[in-house]
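Following: one structure in structure tokens, then a few remarks.
Atoms within a ligand are numbered from 1 in the order they appear, just like the ligands themselves. Count residues from 1 along the sequence. Treat the numbers as computed from the prediction; the structure is a model and nothing was measured.
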Amino acid sequence: MNDSRANIEVMGIINTTPDSFSDGGRFNQLDAALRQAEQMVNDGVHWLDVGGESTRPGSSGVSAQEEIDRVIPLVEQLQSRFNVPISVDTCKTVVMAEALKHNVQMINDINALRDEGAEALLAQADGVKVCLMHMQGEPRTMQHEPRYDDVVVEVKQFLTSRVRACEAAGIQKTNIYLDPGFGFGKSVRHNYQLLKRLQAFHELQLPLLVGMSRKSMLGQVTDRPVDERLAASIAAATIAAMKGAQIIRVHDVKETVDAMKIVAATLAGEFA
Ligand code: 7PJ
């Protein structure tokens, strides 16, 4: 296959939040996450995204210490076993600081580095990537009647202003990824407007990271429960990649990697 093909990367979501069906304790959680990661690595994942806080609509968050206790031991284990870059999904500056001490390759922040001290911290982290995501409101309340005049324009304005603030704080623009934040303070209609017009974000001249895997925007159209949204997730990933998204954040790595190979073969060099 020729080398000029579009380079689309798949980010696998590693779940560390205790699920309601088991009370297995820390070791079992860590062990389950490692087995999940191993499968993803075998399936060709490009990034592993590790988060210790549930940001699902309605959730109210955990303490920084709890997040650190969930995330950092897993980061250490992943680094000792696999040679895949690690992203840490967190909004908290203290959690970011711990992650950076462990040399992770990306901070993925659904709050776009708006926590006190986060921009300054990342400005000191040479070569570490940062994903700035748009969210209207906060997870606990964000799905209560989200409102926009034009969702694409407003999300773009927000991301533009966050990029400016991050650059002013000393973060290299070349380290920034942008994410419109599917499902974060958006109605179904808003989500599909963002997906349909995703190419509008190329105006900001930064790579895009997107996450739609298994989200309710897929369930609401297909009328499928969360464990039956694989086909819809692949369709959404394919559309985003065809519109030039660089990193696709997913649960189902094997299937998405295959789909992205087809997109890359089709696009061959278009966004290179
Ligand atoms: C996203 C995320 C997303 C980025 C979550 C879930 C909710 N990080 N973290 N983008 N979603 N950058 O996966 O359903 O869309 S948590």
Report yes if the side chains of R162 and E119 come closer than 4.5 Å at any heavy-atom pair, otherwise no. yes
Quick check: are there more than 12 heavy atoms from other residues, nucleotides or ligands sitting under 6.0 Å from NZ of K173? yes
What do you reckon, is CD of Q172 surrounded by more than 12 foreign heavy atoms closer than 6.0 Å? no
The remaining residues in the hydrophobic cluster of F184, counting side-chain heavy-atom contacts under 4.5 Å among Ile, Leu, Val, Met, Phe, Trp and Tyr, are I110, M133, M135, M142
At less than 4.0 angstrom from any atom of ligand 1, which residues have a non-hydrogen atom? List them by chain and residue number. T55, D89, N108, I110, C131, M133, D179, F184, L209, G211, K215, R249
Counting neighbours of CG on D227 that are heavy atoms of other residues, nucleotides or ligands and sit closer than 6.0 Å, is the number greater than 12? yes
Heavy-atom count around R114 CZ within 6.0 Å, excluding the residue itself: above 12? yes
